[in-house]
Amino acid sequence: MSSETLEKGYEPQEVERRWYAFWEENGLFAAREEDGAPGYAIVIPPPNVTGVLHMGHALNNTLQDILCRYRRLRGDNVLWMPGTDHAGIATQNVVERKLAQEGTDRHALGRERFIAEVWAWREKFGGAIIRQLKRLGASCDWARERFTMDEGLSRAVRQVFVDLYRQGLIYRGFYIINWCPRCRTALADLEVEHEETDGRLYHIRYPFPGGKGGITVATTRPETMLGDTAVAVNPDDERYRGLTAAAVILPLMQREIPIIRDAYVDMGFGTGGLKVTPAHDPNDFEIARRHDLPSVKVIGDDGRMTEAAGRFAGLDRFECRVRVVQELTEAGLLEKSEPHRHAVGHCYRCKAAVEPNLSRQWFVRARPLAEKAIAAVKQGETRIIPENWAATYFDWLENIRDWCISRQIWWGHQIPAWTCAGCGEVAVALEAPAACPRCGETRLTQEEDVLDTWFSSALWPFSTMGWPEETRLLKTFYPTSVLVTGFDILFFWVARMMMMGLHFMQAVPFRDVYVHALVRDEDGQKMSKSKGNVIDPIDIIDRHGTDAFRFTLAAFAAQGRDVKMSEKRVEGYRNFINKLWNAARFALMHIDRRRELPAPRALSLPDRWILARLSRAVAESARAIDAYRFNDAAGVLYAFVWHEVCDWYLEAIKPALHGKLDAAARDRSLAVLWRVLHDTLILLHPFVPFVTEEIWHKLPGTQGSIMRAVFPGDGAAAAALPPDPSAEADMGVLIDVISGIRTIRGEMGIPPGMALEAVVHPATAEARSLIEDHRELIANLARLRALAVTGSPERPRASATAVMPGATVFVPLEGIIDFKRERERLGKEFTRTEAELASVAKKLQNQDFLAKAPAEVVAKVKDQQQELAEKLQKIRANLDKINTYDSPS
RNA sequence: GGGCGGAUAGCUCAGCCGGGAGAGCGUCGGCCUUACAAGCCGAAGGUCACAGGUUCGAUCCCUGUUCCGCCUACCA
């Protein structure tokens with residue numbers, strides 16, 4: 001008996017805590033940077049410090065952990081670089097909400113104290129998501145954990161800003177940007193979420209100064225008319241060809257504004273008249289530049305109307321819309337208003353309606369950077385998997401617009417630009433200059449704005465490794481091996497890392513980008529930090545264990561399809577973990593030590609068979625992981641463990657283990673069992689790290705952590721298992737025979753407790769000796785008290801029949817069952833076989849098929865026909881016998 | 001407006017290069033067979049959305065249609 005035994009049911013909680021601590025204490029997650037050889041590296045998509053682990057994180061990090069643990073087992077020096085993101089707007093919002101609860105706000109505190117508050121918040125709560133990642137089993141190299149506001153990373157940010165500025169790739173200017181009146185900051189185009197909204201389209205008449213007639217314009221935002229500085233028509237528009245008036249009167253404001261002609265105006269839309277509001281519409285802004293029109297900003301940064309809006313000043317923008325419409329109606333200038341569905345932009349952080357607003361911001365000139373990012377993927381330096389995402393990537397980069405990087409918030413990297421109080425010179429530098437480089441003035445004020453959070457994230461693959469220093473870490477691990485990410489941040493993050501990595505490192509940041517699906521909520525909505533529709537994975541872990549949860553995620557991580565998580569599914573895989581546990585428990589009741597694997601010739605058929613199947617599982621699961629087909633790998637291992645090892649192998653060797661055969665047979669099976677359990681644990685470890693580590697330590701002959709194990713076939717210690725197709729084929733015949741008997745038992749309603757006799761008629765001489773040699777095995781697994789092998793195809797009287805390719809099985813049932821059932825059963829089988837045969841025969845009658853199909857396909861179909869014909873013939877013979885001899889009772 | 005993805009068993013979904021439709025859960029029947037009832041044995045259940053086309057052969061490739069989802073977009 002074994003020295004170690006396992007409890008009857010697997011209890012994950014205690015096991016998980018124990019082994020995670022063990023791994024950390026023993027430095028098993030640590031990357032070796034002294035190695036000269038390139039390592040395998042993944043940088044984590046840094047979760048927001050404000051983040052709480054959601055399903056998306058769980059999936060994302062489980063996949064990364066599977067890759068990292070797998071590569072370690074395959075002998076790679078693995079770096080999984082962890083860290084968190086300072087998440088400017090999100091974090092500022094969280095802390096501001098906290099301040100609001102305390103009855104204060106950031107303006108009362110002032111910038112410095114507010115930032116201190118954020119750091120304090122981060123100290124207290126910022127580690128939550130890291131602790132959650134640890135519960136998920138993430139094998140990150142935690143000693144290297146980084147934060148995007150760390151001194152080192154801030155240094156990298158300043159360096160990049162200064163370099164890009166000097167290279168003319170960062171500039172400052174007045175442009176229309178997306179403004180969030182709630183967060184009171186500019187947003188990048190990407191940070192605006194468009195949502196189809198039912199609004200109204202208002203047709204407003206702008207009268208000519210003479211009083212008669214006018215031009216009708218259409219707008220969805222009538223309040224912006226207060227800031228109109230022109231009305232535009234298309235120069236080719238016949239309707240305005242003979243127009244004499246050069247201006248119109250802007251209603252409500254009674255301001256005279258010019259009529260201009262611009263090809264941008266769509267003649268087909270409405271009356272062909274376009275109101276021009278340069279301060280609040282990006283197109284109008286462009287038109288205004290072409291025609292040298294002034295801008296009037298009527299909506300302020302707080303979303304209220306400005307002084308320029310005259311008597312509407314101080315009104316909220318939406319109230320103002322109501323008032324403007326009302327007054328236009330009263331003045332008889334509102335010609336009509338109709339329902340209109342259009343896309344309205346919302347802030348991706350707070351969901352407030354975004355206002356296009358004229359303002360002075362900093363921009364990155366994106367096109368030159370984008371070109372390199374496009375080329376790198378086109379040339380295959382970086383692969384995007386699945387590759388259909390490449391098209392999306394190209395499309396965005398090819399149409400990229402300059403990136404607005406300044407944010408009017410306080411939490412983030414303050415822009416390293418200083419304005420001279422004397423001459424107004426703007427100095428961009430790594431550190432605050434002592435004096436103005438132009439006039440020597442010492443009073444300089446730093447730019448108030450901070451950088452877009454994604455600016456620092458874009459540097460993550462090299463800033464975390466010590467750039468701009470030329471570190472050994474960079475030398476060993478840059479470019480990283482793969483980036484694992486959801487497609488929702490393909491543009492936000494991946495494309496920008498490509499641009500920055502190529503520009504500053506002259507090399508792509510990663511060889512592969514594996515884009516996984518999103519975990520959506522039950523309404524098909526994306527789960528996101530800000531929407532608040534997250535389901536807590538930790539609950540699932542608490543209830544069912546991390547391993548069950550991870551295996552579920554992996555099993556559903558099919559490429560290109562969203563993952564819908566349900567607790568029911570986790571329960572299914574929890575059962576799998578328990579199955580594995582109990583299989584190990586059974587094995588460890590018998591295994592007392594490691595035994596060398598005997599030569600294949602010496603082994604029993606089940607032994608040879610399971611080793612052949614193991615060899616296949618090794619190859620197939622490895623191939624699947626290499627191709628990022630996590631669900632395939634999980635599926636292969638699940639089926640191998642449950643349906644081959646447990647359902648067949650363990651059952652097959654029970655007699656040997658229980659000493660019913662000779663001691664040598666027992667030893668041989670124990671050697672095989674040891675090897676199967678040993679290798680299976682290693683194969684499963686990347687998916688279910690905790691339970692495999694636990695069992696590993698109970699398995700005699702293992703040393704240290706399973707994390708240090710060698711992947712099956714990789715090491716000199718244990719040679720790769722050779723394939724063994726003949727064992728697979730032979731065992732297949734036995735499985736068929738056993739299943740055939742079981743089916744008869746099941747369908748005829750014979751209780752499993754009742755031992756039966758069976759007669760087998762093998763189809764060939766080989767099958768005959770195979771079956772004779774494994775009479776005991778068949779009898780055990782099919783619960784027979786006797787098994788006879790006959791050379792005669794004659795059906796014994798009063799028996800049920802099962803016809804397989806290798807053999808025909810008869811189960812005499814005299815007095816046990818009534819033969820109506822057997823007749824029905826065989827009749828059904830006959831019909832089914834007949835139909836199959838008909839379809840195959842039809843194919844073979846087709847001359848085109850015979851002439852054009854590949855020879856091997858034709859041969860295969862002919863074999864099928866042969867097989868089916870024989871089967872049909874046997875079934876018919878049996879049916880005939882039932883009808884003549886076993887006449888209905 | 002442009003683009004992408006999906007439609008396969010009651011449910012949730014696999015199905016790589018076109019060559020006899022799969023899993024899990026659920027359902028039905030039978031089992032406390034000394035690893036596991038979180039289990040074991042067996043069964044039923046599908047016009048692979050629809051219409052064409054290519055092919056000897058289509059769930060798979062092409063075209064179109066319908067429905068669903070997503071991404072993207074400066075027509076007011």
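Residue numbering restarts at 1 for every chain, and letters A, B, ... go by the order of the sequence lines. What you see is a predicted model; the values in this text were computed from it and never measured.
A:Tyr638 has its ring centre less than 6.0 Å from the ring centre of A:Tyr573. For A:Phe487 and A:Tyr393, the ring centers are positioned 6.0 Å apart or more.
Place A:Gly572 and A:Lys828 on RNA chain B by their nearest nucleotides, and A:Gly572 ends up nearer the 5' end. Comparing A:Trp648 and A:Lys843, the nucleotide of RNA chain B nearest to each residue sits closer to the 5' end for A:Lys843.
Atom-to-atom, CG of A:Leu781 to P of B:G42 comes out at 11 Å; the value is rounded to the nearest Å. Rounded to whole Å, atom P of B:G57 lies 18 Å from atom CD of A:Gln864. Atom CG in A:Asp262 sits about 13 Å away from atom C1' in B:C75, given to the nearest Å. Regarding A:His194, its NE2 atom lies at a distance of 8 Å from the P atom of B:C75, rounded to whole Å. Note: CG (A:Leu190) to P (B:C71) measures 12 Å, nearest angstrom. To the nearest angstrom, C1' of B:G18 lies 13 Å from CZ of A:Phe849. Atom CZ of A:Phe549 and atom P of B:A38 are 23 Å apart (whole Å). Rounded to an integer number of Å, the gap from CH2 of A:Trp396 to C1' of B:G3 is 16 Å.
The partner of B:A58 is absent, by the rule that a Watson-Crick or G-U pair needs both atom distances under 3.5 Å. B:G1 and B:U72 make up a base pair, with Watson-Crick or G-U wobble contacts both under 3.5 Å. Applying the Watson-Crick and G-U wobble criteria (two distances, each under 3.5 Å), B:A7 pairs with B:U66. Across all strands shown, the partner of B:C40 is B:G30, judged by Watson-Crick or G-U wobble contacts whose two distances both fall under 3.5 Å. As the counterpart of B:C13, B:G22 is assigned, both hydrogen-bonding distances of the Watson-Crick or G-U wobble pattern falling under 3.5 Å.
B:A9 and B:G24 have their C1' atoms separated by 12 Å, given to the nearest Å. Going from the P atom of B:G5 to that of B:G20 covers 27 Å, rounded to whole Å. Remark: the separation of the C1' atoms in B:A21 and B:C13 is 14 Å, to the nearest Å. When the C1' atom is compared between B:G3 and B:C25, the two are found 36 Å apart, to the nearest whole Å. The same atom, P, is picked in B:C70 and in B:C40; the two are 39 Å apart, to the nearest Å. Nucleotides B:A37 and B:A49 are separated by 40 Å at their C1' atoms, to the nearest Å. B:C60 and B:U55 have their C1' atoms separated by 13 Å, with the value rounded to a whole Å. Distance check on atom C1': B:C68 versus B:C50 gives 15 Å, rounded to whole Å.
Annotation: side chain of A:Leu657 is in contact with side chain of A:Leu673 (closest heavy-atom distance under 4.5 Å). For the pair A:Ile287/A:Arg290, a side-chain contact is recorded, criterion being any heavy-atom separation below 4.5 Å from C-beta on.
For B:G24, one of the phosphate oxygens OP1 or OP2 lies less than 4.0 angstrom from a side-chain nitrogen or oxygen of A:His643. The phosphate of B:G39 has OP1 or OP2 within less than 4.0 Å of a side-chain N or O from A:Asn575. In terms of phosphate contacts, A:Thr743 brings a side-chain nitrogen or oxygen within less than 4.0 Å of OP1 or OP2 of B:A43.
The A:Glu747 side chain lies nearest to B:A43 when the options are B:G19, B:C4, B:A43. Among the nucleotides B:G42, B:C40, B:U72, the one closest to any side-chain atom of A:Phe491 is B:U72. When distances are taken from the side chain of A:Arg742 to each of B:C13, B:C56, B:C41, the shortest belongs to B:C41. When distances are taken from the side chain of A:Arg832 to each of B:C13, B:C56, B:A44, the shortest belongs to B:A44. In the set B:G19, B:G39, B:A44, B:G39 carries the atom at the smallest distance from any side-chain atom of A:Trp642.
Residue A:Val217 is out of contact with every strand shown, counting any heavy-atom pair closer than 4.0 Å. Contacts of A:Leu580 with the nucleic acid, taken as non-hydrogen atoms under 4.0 Å apart, are absent. Looking at heavy-atom distances under 4.0 Å, A:Pro854 makes contact with a base. Among the heavy atoms of the strands, none lies under 4.0 Å from A:Ala639.
With hydrogens and angles ignored, the 3.5 Å screen pairs no side-chain donor or acceptor of A:Asn357 with any backbone N or O of A:Trp179. In terms of modelled atom types and a separation under 3.5 Å, the side chain of A:Arg742 and the main chain of A:Val737 share no donor-acceptor contact.
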In sequence, state the C-alpha distance, the side-chain angles, and the governing distance for A:Arg205 and A:Thr216, and then conclude on side-chain hydrogen bond (donor to acceptor under 3.5 Å, both in side chains).
-> CA-CA 4 Å; A:Arg205 186 155 47 88; A:Thr216 300; 5.1 Å; no
Apply the test ring-ring contact (aromatic ring centres under 6.0 Å, His included) to residues A:His194 and A:His346: give CA-CA distance (whole Å), side-chain angles for both, the deciding distance (0.1 Å), then the verdict.
-> CA-CA 6 Å; A:His194 295 275; A:His346 297 268; 8.9 Å; no
Taking it one step at a time, do A:Phe687 and A:Arg550 satisfy side-chain contact (heavy atoms from CB on, under 4.5 Å)?
-> CA-CA 6 Å; A:Phe687 298 85; A:Arg550 288 171 57 120; 5.9 Å; no
Going through the checks in order, is the ring-ring contact (aromatic ring centres under 6.0 Å, His included) test met by A:Phe556 and A:Phe551?
-> CA-CA 9 Å; A:Phe556 287 103; A:Phe551 205 88; over 10 Å; no
Detail all sub-3.5 Å separations between protein N/O atoms and N/O atoms belonging to nucleotides 29-36 of chain B.
| residue | atom | partner | partner atom | Å |
| --- | --- | --- | --- | --- |
| B:U33 | O4' | A:Arg783 | NH2 | 3.2 |
| B:A35 | OP1 | A:Lys654 | NZ | 3.4 |
| B:A35 | O3' | A:Arg585 | NH1 | 3.2 |
| B:A35 | O2' | A:Asn582 | OD1 | 2.7 |
| B:A35 | O2' | A:Arg585 | NH1 | 2.6 |
| B:A35 | N7 | A:Lys654 | NZ | 3.3 |
| B:A35 | N6 | A:Cys646 | O | 3.4 |
| B:A35 | N6 | A:Glu651 | OE2 | 3.1 |
| B:A35 | N3 | A:Asn582 | O | 3.1 |
| B:A35 | N3 | A:Ala583 | N | 3.3 |
| B:C36 | O4' | A:Asn582 | OD1 | 3.0 |
| B:C36 | O2' | A:Asn578 | ND2 | 3.4 |
| B:C36 | O2 | A:Lys579 | NZ | 3.1 |
| B:C36 | N3 | A:Lys579 | NZ | 2.8 |

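Regarding the sugar-base torsion, B:C60 falls in the anti class, its angle being beyond 90° of 0.
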